[in-house]
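Everything quoted here is computed from the prediction, not taken from an experiment. Every heavy atom of this structure was used, including side-chain atoms; hydrogens, water molecules and symmetry mates were not. A, B, ... follow the sequence lines: proteins, then strands. Residue 1 opens every chain.
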Amino acid sequence: MSKNSLLNDLNPQQRDAVLHTKGPLLILAGAGSGKTKVITYRFAHLASAQKVSPASILAMTFTNKAAGEMRSRIETLMNRSLKGLWIGTFHALSNRILRKEIDRLGFHRDFVIYDDDDSNSLVRSILKEFKMHEAIYKGIASRISSMKAALIGPNEFLNNETSLDFDEKFARVYVRYQDELKKNNALDFDDLIMDTVRLFEEHPAVLKKYNKEISHIMVDEFQDTNTAQYRLSRLLAGEHQNLCVVGDDDQSIYRFRGADVRNIMSFEKDFPSARVIKLEQNYRSTQVILDAAGGVISQNPVRKLKKLWTEKNEGEKLYYCVANSENDEARYIAKSIRELYLKGKYSYSDFAVLYRMNLQARALEEALRVYGMPYRIIGGISFYHRREVKDIISYLKVINNPKDSVSLKRIINCPPRGIGDTTTARIENEAKKKNKSFFDAMKSLSSSSDSAALKEKISDFIEIIDELTAKRGMAPPQLIQLVLEKTGYIKWVEKERIENITEIIRMAEGMNLQELIDAASLFSGADERVDSNCITLMTLHSAKGLEFPVVFIAGVENGLLPHFHAMQNPEELHEERRLFYVGITRAKDILILSSAKKRRLYSSIQELEPSSFLSEIPSGCYFYTGMMPIPMVESVPRITPKRLRTVDFSPPSIFLPGVRVKHPKWGIGVVRDSYGETDDVKVMVNFSTVGVKRLSLKFANLERL
DNA sequence: AAACTAAAGCTTTTT
DNA sequence: GCTTTAGTTT
């Protein structure tokens, strides 16, 4: 891409930011203002126009996903591969430096990294040894984590011994924890940052080396940096001070894990020569949504003023609905999604339902399932992650492929058949020794083992699996039934979980084994499938950085949003407001807020009042619509996944109710009904442009979407 | 190794 | 109130 066309793509402020290449730069990037675009273009500009080697530009973010996205967008822009450059997460880049230099800190270069589970169990074992209450290990671990985030190592903590709130017991654990890490040649996540800072501060020559190698620094999501990460960025910027930080103080929502908005506030103090550029043009939302967002966030007293604007039109007003209970709220949301979906303009993946707490997902999930609409839950435990569902799927996976040892190990003692940790370890051993799969190791042990009891237990299990494997050609619903009976699972599993199993059987109808397994795997959370056409359910926190045409925010109540725990402390209340702001600014076209009068929370049913944040939305921005803001149209045939997949009812057409279609003249619509003989199928289609039309398939020239 | 009992915790989350 | 998990018993 030529230099000019690169710059022509940008608005004046974005261009300023890209062209400012020398010295400290603070980019205050409002929501939806093209922040990533600026970073990637700035990288490309530095490299092409400024002749800076891509190898001397360092770009840091928080998540692997964000880093990967940044990298691939720059690669596309520059049309070249950027492998091995300084683009990555704080942790990954620190790790890279430490792998080379850590011997100066007395560690070996092949140190191991402890994840949260590892550090938790280390803390636990220390507490046990100290005869302290073990159950608080999580609290201690997170306290250690925030100490390190603030660059207070055990030594610094001990130096503070005279302070009044010095916690001697905690200090002992902290010191010991750090000693143990060293003994194990291990670093936890926070150490990766803290020790890199320590390395640079204690060994100026090392820092100098990196300062020479890296001439430009860019930090994304700067409002989420903690003290250690900010210090690291400053150290890396060295004397050249070519430090560009990008962030939005209004979207700082990770205080609880050490993020410090003050970093963004004090950047100008720390770098008096810093240029500050505000990106205020929003490319995402309608004016009404921006007005609502602006009204809310303006109530926060300490912030960098930004006034978002858009060239888009006013747009549709917000809706706000009060339901009686969380279940009513969920039904209302499901119903609204169906109405909007059936109008044909939006596909399922255009919808997101956001909430403050993961537990809210339950009611929503239930309602969506009843309405037969596909959804995915980010973060929480979704249907396919339920224990019993995973168990059954694991059986199917083993039947389909006995080499799948992960699934095999999951079900080997489920229901219990006397094969516990000891036996499993033994099979594992055998498998390693003979270089066999887990299943083959079981087979050979069952014939050669010295223990008769062990032999019998294992061969019984093998027999069940073999028997089931022989029947793998069966239709999945019957196959699942067979699994449930032959394994005794149905007798063993708790009653309330059976409901979910019936649900898998129901969903399995009309699919073959491979399809079912794939469907279940596709839903397995973390690896996000963009192409899966699903409604997205997630917390407000996980929604940061994303956008959806239609956004619901559920549970807009005092106690949930703002959360109980945050209502006392003004700082935390402000963060809750920012969280709401983040939620509002995710929406492109339509934003629907809802709350429930009563809600089951933990032990009891709570009566909650609408969030006080609601009154901060300018009253002209939304409809208060009581119970049912979106009028119900005539009753619609219930679209269940089963019905969508079943082929055995006439007409044998792919244009079944719920299917989205495209008509050459009327555009996109949704099939509401289909009937008639094979050679003369009639369909009723609801088009977003012209409403419901009755068409003959033979002539209509419909395209399935 | 499994079944039982007791007890804690329960906001948000990435590395 | 319910789920998860740790510890104890059989």
Given atom [atom1] of [X] and atom [atom2] of [N], what is their separation to the nearest angstrom?
X: A:L359; N: B:dG9; atom1: CG; atom2: P; answer: 18 Å
X: A:Q223; N: B:dT14; atom1: CD; atom2: P; answer: 15 Å
X: A:I253; N: B:dT12; atom1: CD1; atom2: C1'; answer: 8 Å
X: A:R362; N: B:dC10; atom1: CZ; atom2: C1'; answer: 12 Å
X: A:N569; N: B:dT11; atom1: CG; atom2: C1'; answer: 14 Å
X: A:F256; N: B:dT14; atom1: CZ; atom2: P; answer: 9 Å

At 4.0 Å (heavy atoms only), tell me whether [X] reaches a base, stays on the sugar-phosphate, or touches nothing.
X: A:R600; answer: sugar-phosphate
X: A:S542; answer: sugar-phosphate
X: A:E221; answer: nothing
X: A:F564; answer: nothing

Have [X] and [Y] got a donor and an acceptor in their side chains that come within less than 3.5 Å?
X: A:E180; Y: A:Q178; result: no
X: A:T539; Y: A:S542; result: yes
X: A:E326; Y: A:Y355; result: no
X: A:D188; Y: A:Y177; result: yes
X: A:S611; Y: A:E557; result: no
X: A:Q606; Y: A:K597; result: no

By nearest atom, which of the nucleotides [options] is closest to the [X] side chain?
X: A:T63; options: B:dT14, B:dT12, B:dT11; result: B:dT14
X: A:R257; options: B:dT14, B:dT15, B:dT12; result: B:dT14
X: A:Y602; options: B:dT14, B:dT11, B:dT13; result: B:dT11
X: A:F189; options: B:dT13, B:dT15, C:dT3; result: B:dT15
X: A:H91; options: B:dT15, B:dT11, B:dT12; result: B:dT15

remark   = Residue pairs passing the salt bridge (Lys or Arg N to Asp or Glu O under 4.0 Å) test with at least one member in residues 226-237 of chain A, sequence neighbours excluded, are A:E201-A:R231, A:R234-A:D270
key: Canonical and wobble pairing (Watson-Crick, G-U, under 3.5 Å) of DNA chain B, dot-bracket with |   = ||||||||||.....
ask   = Between A:T539 and B:dT13, is there a side-chain N or O to OP1/OP2 distance below 4.0 Å?
value = yes
